[in-house]
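FYI, the numbering just counts along the sequence from 1.
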Amino acid sequence: MAGGKEIRTKIKSVKNTQKITRAMEMVATSKMRRAQERMRGARPYGDKIRKVTAHLSAALVDYAHPFLQQRDTVKRVGFIIVTSDKGLCGGLNTNALRLTLNAMKELHQKGVEIAVTAIGNKGFGFMNRNGAKVISHVVGLGDTPHVEQLIGPIKVMVDAYVAGEIDEVRLVYTKFVNTMKQEPTVEQLLPLAGEAIGQPDHGYNWEYLYEPDAKTVIDDLMIRYLEALVYQAVAENMASEQAARMVAMKAATDNADKVIGNLQLLYNKTRQAAITKELSEICAGAAAV
């Protein structure tokens, strides 16, 4: 049985750790509220540009944008993977990366090549360790991400798609459902067809007048649409990250209480055993006298 001094040292160490986890829980709670506000603020723009793009895809236009064209065969697939820069957020990154890895294995079995754009340090490190072909990445987005930080990595993947080097692009992130539930999600980003873009909210097609021309307007709109989708995914992932970290740190704090209670009980038993032994020795000495 451990000595009383050693047990007291362990109790002190666990209490110090508990203070850290409690502080991290409070910080995550504060950041989660701001992340949720940012996520909800981005949703109206994303929903509106999705509707406009759905109308545009159904309109009668002479110019067919590459993002709207289905490829006959899919031989190369690109993944844009959104993860956090930091850990200590439960299984958030693990679940998203496991989902991605399973999807990649299925594609590899079909002879499909994989390329990756990593947004977040955890996904970037994981893909490098597993030997994935990472063609672009961005890390260190901070607590307030901006679209400008995402444009470069996204453009690398988009340019590869337009050049025919990639036939399909998928987006992986963790969708925020509520504080206790976050869902890892894989969505088709390119080509924009079917569920990837949605359908117009009416039963007829709109005709547009383009100024200066259809190609200029549609090209710009499609890029803005992709940027909005990826930014929304990053905002959702950050809200999920803070919620998961808050729950994980609360669980760690509660577990520390249990550990401290068990150690305190062990310390009391050890102390009682020492007192009993000392009394026995005193009694034995008195009897001998």
Side-chain angles (χ1 to χ4, degrees), residues 31-57 65-68 78-86 89 92-93 96 100 115-124 127 134-163 166 168-176 182-192 195-198 215-243:
K31 289 184 177 181
M32 182 186 69
R33 295 193 185 100
R34 293 196 295 270
Q36 287 179 352
E37 291 173 1
R38 189 162 50 249
M39 175 191 69
R40 295 190 181 101
R43 280 178 177 174
Y45 176 80
D47 292 341
K48 189 64 177 178
I49 198 170
R50 187 187 294 270
K51 289 180 180 179
V52 172
T53 308
H55 292 157
L56 192 62
S57 66
H65 196 276
F67 290 179
L68 301 173
F79 282 83
I80 298 177
I81 304 172
V82 182
T83 58
S84 68
D85 284 319
K86 300 177 182 178
C89 48
L92 181 85
N93 294 315
T100 306
V116 172
T117 290
I119 300 176
N121 189 52
K122 292 298 180 180
F124 178 53
M127 289 299 155
V134 180
I135 60 174
S136 62
H137 73 279
V138 58
V139 298
L141 293 176
D143 298 326
T144 310
H146 299 283
V147 176
E148 291 78 7
Q149 296 171 286
L150 306 173
I151 290 176
I154 295 172
K155 189 176 186 303
V156 174
M157 183 66 75
V158 170
D159 288 347
Y161 178 82
V162 173
I166 293 175
E168 185 179 296
V169 179
R170 299 182 186 182
L171 178 63
V172 183
Y173 66 100
T174 303
K175 182 182 295 184
F176 180 86
Q182 302 86 38
E183 293 181 350
T185 305
V186 179
E187 296 178 354
Q188 180 177 313
L189 194 61
L190 292 174
L192 298 173
E195 295 181 358
I197 195 171
K215 183 179 185 304
T216 302
V217 174
I218 294 175
D219 285 351
D220 190 63
L221 177 63
M222 289 300 175
I223 292 297
R224 296 293 175 270
Y225 175 71
L226 288 183
E227 292 173 356
L229 287 186
V230 177
Y231 178 80
Q232 181 66 38
V234 171
E236 294 266 355
N237 199 84
M238 285 195 168
S240 299
E241 175 191 352
Q242 299 303 334

Measuring from [X]:[atom1] to [Y]:[atom2], what's the distance to the nearest 0.5 Å?
| X | Y | atom1 | atom2 | value |
| --- | --- | --- | --- | --- |
| I154 | D159 | CD1 | CG | 11.5 Å |
| Q149 | T144 | CD | OG1 | 9.0 Å |
| R170 | L190 | CZ | CG | 12.0 Å |
| N237 | Q182 | CG | CD | 10.0 Å |
| T185 | Y173 | OG1 | OH | 5.0 Å |
| Q242 | R33 | CD | CZ | 12.0 Å |

Under 3.5 Å, is there a donor-acceptor pair linking the side chains of Q232 and Y45? no
Any carboxylate oxygen within less than 4.0 angstrom of a Lys/Arg side-chain nitrogen, looking at E227 and R224? yes
Within the structure provided, determine whether [X] and [Y] are in side-chain contact (heavy-atom separation under 4.5 Å).
| X | Y | answer |
| --- | --- | --- |
| V169 | V158 | no |
| M238 | L141 | yes |
| V162 | F67 | yes |
| E187 | K175 | yes |

Donor-acceptor pair, [X] side chain versus [Y] backbone, under 3.5 Å?
| X | Y | result |
| --- | --- | --- |
| S240 | T174 | yes |
| R38 | D143 | yes |
| T117 | I80 | no |

Please report the closest heavy-atom contact between [X] and [Y], naming both atoms and the distance.
| X | Y | result |
| --- | --- | --- |
| C89 | N93 | SG-ND2, 3.7 Å |
| L150 | Y231 | CD1-CA, 3.9 Å |
| P184 | A96 | CB-CA, 3.9 Å |
| S84 | K86 | OG-O, 2.6 Å |
| G41 | P44 | O-CD, 3.4 Å |
| A115 | I166 | CB-CD1, 4.1 Å |

Run through T83, V138, V139 and flag the one making a side chain to side chain contact (heavy atoms under 4.5 Å, CB included) with N121. V139
